[in-house]
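Remarks on the structure that follows.
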2 protein chains.
Amino acid sequence: MIQLSSTEENYLKNIYRLLAEGGEKVGTNEIAALTGTKAASVSDMLKKLAEKQLLSYRKYHGVSLTEEGTKTALLILRRQRLWEVFLVEKLKFAWDEVAAIAEELEHVKAPVLVRRLDEYLGFPKFDPHGDPIPDEFGEWESSPRVLLQEVAPGKAGKVVAVTNSSAAFLSYLDKVGIYIGAKVEVLDKIEFDGSVELRIDGGKTVYLSREVAANLQVRLHPS
Amino acid sequence: MIQLSSTEENYLKNIYRLLAEGGEKVGTNEIAALTGTKAASVSDMLKKLAEKQLLSYRKYHGVSLTEEGTKTALLILRRQRLWEVFLVEKLKFAWDEVAAIAEELEHVKAPVLVRRLDEYLGFPKFDPHGDPIPDEFGEWESSPRVLLQEVAPGKAGKVVAVTNSSAAFLSYLDKVGIYIGAKVEVLDKIEFDGSVELRIDGGKTVYLSREVAANLQVRLHPS
DNA sequence: AATAAAATTTAGATTAGTCTAAAAATAAAT
DNA sequence: ATTTATTTTTAGACTAATCTAAATTTTATT
């Protein structure tokens with residue numbers, strides 16, 4: 001593995017994340033939005049990373065990661081998520097406070113540190129947001145998905161899929177503020193009609209009917 | 001406190017260290033040697049840091065830290081030393097392996113992280129090398145230290161620091177079984193060459209040359 | 001298919017940190 | 001007190017990462 005700057009690592013990580021939820025390719029504007037830069041800067045960086053064989057880049061047509069690039073991105077995510085576990089489990093931060101700090105810690109490179117940290121934490125498989133932690137080969141355990149309908153009150157998780165993709169359904173979700181990746185917390189379940197009281201992204205709460213809740217898959221946060 | 005780059009922090013920390021053992025002022029060459037740069041680069045940086053009121057700088061006459069600069073340097077040392085404690089106590093690194101890793105970790109800025117880490121480690125007062133850890137106000141417990149060379153026969157104490165950290169020296173110490181925290185008892189001092197007969201951890205005894213004894217600091221046990 | 005809109009890339013400039021080589025100032029030595 | 005040696009500073013150039021504004025390419029719309 002080549003030695004990368006923290007900046008390059010950040011680009012790689014963000015490109016990976018966009019590809020993971022998006023599709024085949026990502027464009028410079030999307031990347032710019034996520035890295036907090038401008039499309040012009042992204043263009044330059046893409047050239048550099050393509051040079052290093054970490055992504056394949058055809059001008060004006062977006063990028064995808066190479067095998068090597070994917071492996072590297074997963075290593076960075078591994079470091080980020082291990083630090084998040086540390087911050088929550090050991091230093092008692094709340095799971096929604098750790099992002100910025102882990103962002104800094106994840107760029108500490110020493111591989112032996114990552115190994116020892118992993119061991120110290122007991123080889124966790126998921127971070128406090130419920131995202132899987134890749135092992136040193138980039139493999140991870142896929143965590144079970146549950147229908148929102150099945151989630152017990154008090155539990156929190158993240159929307160990972162919809163099982164109905166009619167336009168009507170999707171635009172309803174949009175209207176109430178639910179999207180793939182939204183953090184949701186089940187506040188209550190109403191017995192007689194199976195509807196669910198839900199807090200979205202730690203903000204507003206909505207009631208979803210049983211039909212809606214039966215078409216949303218979530219991945220639960222650990223414990 | 002102004003936001004500093006990791007590079008600026010490194011300069012500050014190294015200038016502090018030179019002043020602590022040296023004297024009133026330090027020159028650009030000394031600083032360059034410690035930061036791994038050239039004197040010309042140091043000149044530029046000194047101007048910048050003087051601009052920010054962190055040190056006082058008279059051309060051609062070396063620098064000293066201002067009140068603010070000293071406070072900042074101590075905060076950086078605090079972070080470095082807390083991470084060293086973490087690496088040794090929690091991740092089971094050896095005390096002579098942690099320098100490079102702590103060097104990276106110390107530049108993670110979030111103040112709340114430092115506070116939580118301190119708490120998590122049980123508010124340690126000394127790092128694994130025996131150096132004091134400043135509190136958030138820059139104060140630290142001064143423990144009287146003596147050079148092993150100066151310790152009278154019959155006295156016992158604990159090794160708290162080495163004043164030479166060359167790999168050759170450290171590996172020699174390792175070889176004879178001396179480490180930070182080792183309990184040592186001076187059995188005899190040989191007049192004509194200044195060497196010291198030492199019992200280590202109540203076990204084996206070794207003879208250390210005057211040169212070696214002059215580079216080991218111990219904290220004497222009471223009585 | 002032609003044109004308008006959106007996205008992307010290039011060109012040229014900027015900032016932080018560094019370097020080498022030359023100039024200037026201080027310190028040491030005759 | 002001059003001269004020599006050492007240290008420090010300046011001048012000018014380089015790299016990484018960024019920006020704005022203009023040019024280009026692709027996509028969408030009439």
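All of these numbers come straight from a predicted model, not from anything done at the bench. Reckoned from all heavy atoms, side chains included, excluding hydrogens, waters and symmetry mates. In the text below, chain A, chain B and the rest are named by the order of the sequence lines, each starting its count at 1.
- Place Ala40(A) and Ser5(A) on DNA chain D by their nearest nucleotides, and Ser5(A) ends up nearer the 5' end.
- Note: CD (Gln3(A)) to C1' (dA16(D)) measures 15 Å, nearest angstrom.
- Residues Thr163(B) and Asn215(B) have side chains that bring a donor and an acceptor to within less than 3.5 angstrom of each other.
- Spacing between atom CG of Asp44(A) and atom P of dT14(C) amounts to 16 Å, rounded to whole angstrom units.
- Note on Lys47(A): a side-chain N or O is less than 4.0 Å away from OP1 or OP2 of dT10(C).
- Tyr57(B) has no side-chain polar atom (N or O) that falls below the 4.0 Å cut-off from OP1 or OP2 of dT8(D).
- Contact between Gln149(B) and Ala214(B) at its shortest, heavy atoms only, is OE1-CB, 3.5 Å.
- Thr28(B) comes within contact range of the sugar-phosphate backbone alone, with a heavy-atom separation under 4.0 Å but no base atom that close.
- Comparing atom distances between the Ser43(B) side chain and each of dT9(C), dT18(C), dT10(D) picks out dT10(D) as nearest.
- Dashed line: the shortest gap from a side-chain N or O of Ser41(B) to OP1 or OP2 of dC19(C) is under 4.0 Å.
- Between Tyr60(B) and dT10(D) there is no side-chain polar atom (N or O) within less than 4.0 angstrom of OP1 or OP2.
- Between the CG atom of Leu46(A) and the P atom of dT18(D) there is a distance of 12 Å, rounded to whole Å.
- Regarding Glu30(A), its CD atom lies at a distance of 8 Å from the P atom of dT8(C), rounded to whole Å.
- Met45(B) places its CE atom 17 Å from the P atom of dT8(D), with the value rounded to the nearest Å.
- A distance of 13.5 Å separates NZ of Lys183(A) from CG of Leu198(A), quoted to the nearest 0.5 Å.
- Atom NZ in Lys38(B) sits about 17 Å away from atom P in dC14(D), given to the nearest Å.
- Under the 3.5 Å distance criterion, with hydrogens and angles disregarded, a donor-acceptor pair is assigned to the side chains of Ser56(A) and Ser64(A).
- Here His61(A) does not reach the OP1 or OP2 of dT8(C): none of its side-chain N or O atoms lies under 4.0 Å away.
- Of the side-chain N and O atoms in Lys59(B), none sit less than 4.0 angstrom from OP1 or OP2 of dA25(C).
- Rounded to an integer number of Å, the gap from Lys25(B) NZ to dA27(C) P is 12 Å.
- At the phosphate of dT8(D), OP1 or OP2 sits under 4.0 Å from a side-chain N or O atom of Asn29(B).
- The separation between Ile31(B) atom CD1 and dT18(C) atom C1' is 16 Å, rounded to whole Å.
- Across Ala102(B) and Leu87(B), no two heavy atoms sit closer than the pair N-CD1, 4.0 Å.
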